[in-house]
Amino acid sequence: MSHMAHLEGLNERQKEAALHTKGPLLIIAGAGAGKTKTLTERIVHLVKEGVAPQHILAITFTNKAAAEMRDRVRTALAKETPRTEGMPFVSTFHALGVYILREEHVAAGLPKHFTIADEGDAISLIKEALEKNGLDPKQYEPRKIKSIISKQKGEFVTASDFASRAQTNLERIVARIWASYESLLFREKSLDFDDLLLKTVILFLQNPEIKIRYQKRWQYVHIDEYQDTNEIQYTLSKQLVGPEQNICVVGDSDQNIYSWRGAKIKNILNFETDYPNAKVVLLEENYRSTGTILEAANAVIGKNIVRKEKNLFTKKGKGDPIALYEAYDEADEAAYIAQRITEIVDAGTDAGDIAILYRANFQSRVLEEALLGMHVPYQVLGVKFFDRKEIKDTLSYIRAALNGESLSDIKRIINFPARGIGKVTLAKLFAGQQAELPATMQKKIQSFYILLEKIKEYAESHLPSETIKYVIIESGIEKTLKNGTSDEVERLENIEELATLAKAYDSLGSTEGLISLLSNASLASDQDTLLEGKSGVRLMTVHAAKGLEFKYVFVTGLEQGLFPHERRAAASAEDSEEERRLMYVAITRAEKKLFLSYASIRTIFGSRQINAPSEFLYDVPEELVEKEYNSGRPGKYIHLD
């Protein structure tokens with residue numbers, strides 16, 4: 001039995017999942033039930049049973065989850081079989097799309113170095129498309145049109161499908177803009193996030209022989225967070241699975257909180273219809289939270305109807321009661337939270353083990369003020385490192401050097417650092433009227449293109465981290481920012497941080513490493529903004545907290561209309577179930593103690609509103625809750641039993 005030693009750390013259900021290696025498998029894993037561990041051990045077990053690691057694929061939803069799984073698998077395999085060649089392919093859906101499309105770029109009709117347009121790039125192109133069609137971007141909000149297009153692509157609808165079905169006036173306008181947007185993307189040799197999946201699915205449909213090649217390469221397919229897959233991800237998953245149907249999906253219908261982004265809860269609920277001989281394993285033992293926290297979570301989610309029945313339990317014991325604070329207004333709520341956090345940190349807990357969760361981003365401001373007032377260090381999730389102007393500028397130099405067709409990148413950097421090249425010059429340049437420009441201007445443009453050529457040559461024979469340092473110096477960015485304001489110096493520090501980050505890609509070699517860095521920069525998600533090394537209380541929306549865990553969790557703004565959110569809760573029974581799943585996700589982030597709070601009066605959009613407590617508070621059994629009160633002295637809060 002010694003070859004089963006690696007499964008010793010698993011409970012009976014987890015072991016059952018790891019040992020089921022043939023045919024379809026559905027693992028319903030409750031929050032904190034050790035699904036990553038189970039998946040990892042299943043992959044290690046497959047290798048021990050003689051499956052070559054490179055025949056195994058695992059798809060996750062976030063870069064963070066992919067990196068964690070990659071590390072765990074690598075460590076486990078190194079311990080087990082020092083001789084194994086190759087590694088399982090672990091990546092996010094989008095990174096998988098990038099990988100396949102780069103490998104099959106000829107069949108997909110793409111250049112090898114296509115650019116990935118991030119959210120910001122895509123919105124600028126839509127703005128340009130509106131202007132080209134003589135429409136006012138103020139009247140038709142580019143962001144809104146982008147989200148309509150994005151949702152359609154996620155539903156596996158192409159621009160021409162959409163145009164042929166357009167009925168309302170708005171749909172006809174969107175169809176026109178979409179067509180222009182596609183031609184602008186084509187001009188830039190660029191794909192947006194949704195294309196990475198859509199074009200992969202179309203590639204497989206049009207070239208069955210390519211699809212079969214990947215099915216043979218990856219004979220064992222694992223998909224994490226299956227309840228969050230949308231139509232296109234679901235279709236891609238089915239295409240990757242060969243005739244043996246070795247597909248293992250892990251998920252939790254109670255944590256489907258992305259329907260507004262097109263996630264289909266039916267994908268997980270219908271798995272057994274799609275794969276009639278599927279085995280189902282339920283993981284209900286939770287390793288994260290106390291009994292009290294789980295009892296509250298089970299009570300809240302138990303009211304939902306569209307779900308797979310399950311109840312989380314733990315061997316950890318009951319733990320602390322749940323604290324509930326009724327604040328007078330949002331400032332009082334924030335003061336209470338800052339005070340409690342100060343006590344927790346003073347008692348020896350690291351600030352990074354504490355999270356404050358809210359339903360809507362605007363709630364963070366007053367919380368930040370209270371933390372600043374008490375000198376509590378904190379980090380707000382969501383200011384993406386890769387979204388910072390200076391980082392985008394630096395990466396644009398490299399993108400423009402590798403792909404000269406990428407006009408948005410050229411537009412972005414041709415005058416940064418300032419070279420005196422203005423909008424008029426740029427318009428003439430892009431219209432092919434360079435010869436009409438004054439000689440001095442032509443010279444400036446020429447030297448800019450020479451710089452790009454130099455960067456390209458340098459990049460081809462140097463490591464990614466060296467290339468970034470080269471760009472900073474040669475472009476004049478360093479010189480410009482070095483002696484500037486403190487803000488500019490900080491921007492330079494961020495770019496230097498990029499060079500440090502790029503070191504992780506050096507092992508892939510010069511061009512491959514750079515392409516990988518550029519792809520990951522475009523695909524970075526909110527959770528990647530948590531700077532691991534820096535301590536501080538984490539502030540984020542409940543949506544952003546999915547998949548994370550903290551010793552102490554404050555769930556704030558539990559008011560009817562805010563959480564559950566009125567726009568969602570009133571819309572339909574489906575939406576109100578989703579709000580309840582969101583509350584379930586919030587509660588199950590907490591390991592040790594959970595704090596719930598709401599304000600009787602809250603100012604929203606400048607008007608003061610009187611709020612009823614959230615219906616979710618009435619779902620939590622009374623005996624689990626301890627109310628906290630303001631003692632009447634500022635900053636003093638007490639338990640009254």
So does [X] pair up with [Y], basic N to acidic O under 4.0 Å?
X    : Y    : answer
R307 : E309 : yes
E231 : K151 : no
K592 : E549 : no
D194 : K153 : no
K303 : D619 : yes
K392 : D118 : yes
R365 : E369 : yes

To the nearest 0.5 Å, what is the distance between [atom1] on [X] and [atom2] on [Y]?
X    : Y    : atom1 : atom2 : answer
L10  : K15  : CG    : NZ    : 7.0 Å
L498 : I495 : CG    : CD1   : 8.0 Å
M69  : R72  : CE    : CZ    : 8.0 Å
Q14  : L39  : CD    : CG    : 10.5 Å
E141 : I123 : CD    : CD1   : 9.0 Å
L617 : Y598 : CG    : OH    : 7.0 Å

Please find the pair of heavy atoms, one from [X] and one from [Y], that lie closest to each other, and give the distance.
X    : Y    : value
A544 : L381 : CB-CD2, 3.3 Å
P621 : A299 : CD-CB, 3.7 Å
G557 : Q363 : CA-NE2, 3.8 Å
N286 : A31  : ND2-O, 2.6 Å
Q227 : D252 : OE1-N, 2.9 Å
G262 : N230 : O-CB, 3.1 Å

### Message
Which residue is it: N267, L197, I223? I am looking for the one with a side-chain contact (heavy atoms from CB on, under 4.5 Å) to Q233.
### Response
L197
#### Entry: Distance under 6.0 Å and angle within 45° of ring axis: K627 vs Y629
no
Can you find a heavy atom in the side chain of [X] that is under 4.5 Å from one in the side chain of [Y]?
X    : Y    : result
T36  : E68  : yes
H222 : I43  : yes
E272 : N270 : no
S519 : I116 : yes
Y552 : E591 : no
L357 : T556 : no
Q609 : R602 : no
I356 : V537 : yes

### Task
For the pair E615 and Q560, evaluate side-chain hydrogen bond (donor to acceptor under 3.5 Å, both in side chains) and give the outcome as yes or no after the intermediate values.
CA-CA 7 Å; E615 63 188 85; Q560 208 53 18; 2.8 Å; yes
#### Entry: L624 vs E622, side-chain contact (heavy atoms from CB on, under 4.5 Å): CA-CA, chis, key distance, verdict
CA-CA 5 Å; L624 304 178; E622 237 170 275; over 6 Å; no
### Message
Given D254, which partner from the list R580, K310, R581 fulfils the side-chain hydrogen bond (donor to acceptor under 3.5 Å, both in side chains) test?
### Response
K310
### Query
Stepwise, does the side-chain hydrogen bond (donor to acceptor under 3.5 Å, both in side chains) test hold for E225 with T60?
CA-CA 7 Å; E225 303 286 9; T60 64; over 6 Å; no
### Task
Give the intermediate values and the outcome of side-chain contact (heavy atoms from CB on, under 4.5 Å) for residues I601 and Y328.
CA-CA 6 Å; I601 297 175; Y328 168 67; 3.7 Å; yes
### Message
Quiz question: by atom type and distance under 3.5 Å, do the side chains of Y325 and E333 form a donor-acceptor pair?
### Response
no
### Message
Regarding E578 and S259, do their side chains bring together a donor and an acceptor under 3.5 Å, going by distance alone?
### Response
yes
### Task
For the pair K264 and D228, evaluate salt bridge (Lys or Arg N to Asp or Glu O under 4.0 Å) and give the outcome as yes or no after the intermediate values.
CA-CA 7 Å; K264 298 269 192 288; D228 288 337; over 6 Å; no
For [X] and [Y], take the angle between the two ring planes, folded into 0 to 90°, and tell me which bin it lands in: parallel under 30, tilted 30 to 60, perpendicular over 60.
X    : Y    : answer
Y226 : Y234 : tilted
F554 : Y336 : perpendicular
F563 : F616 : perpendicular

### Query
Above 12 or not: heavy atoms from other molecules or residues under 6.0 Å from NZ of K144?
no
### Query
So does E623 have more than 12 non-hydrogen atoms from other groups sitting under 6.0 Å from CD?
yes
### Message
Apply side-chain contact (heavy atoms from CB on, under 4.5 Å) to residues T541 and Y358 and explain how you reach the verdict.
### Response
CA-CA 5 Å; T541 63; Y358 34 80; 3.9 Å; yes
### Criterion side-chain hydrogen bond (donor to acceptor under 3.5 Å, both in side chains) on Y378 and E368, from CA distance to verdict
CA-CA 8 Å; Y378 68 89; E368 288 185 63; 2.7 Å; yes
Show me the side-chain donor-acceptor pairs of residues 315-324 shorter than 3.5 Å, one per line, residues at least two apart or across chains.
unit_1 : atom_1 : unit_2 : atom_2 : d
K316   : NZ     : R288   : O      : 2.8
K318   : NZ     : E295   : OE1    : 3.4

### Query
side-chain contact (heavy atoms from CB on, under 4.5 Å) between H45 and L7: does it pass, once the steps are laid out?
CA-CA 8 Å; H45 182 67; L7 298 175; 4.1 Å; yes
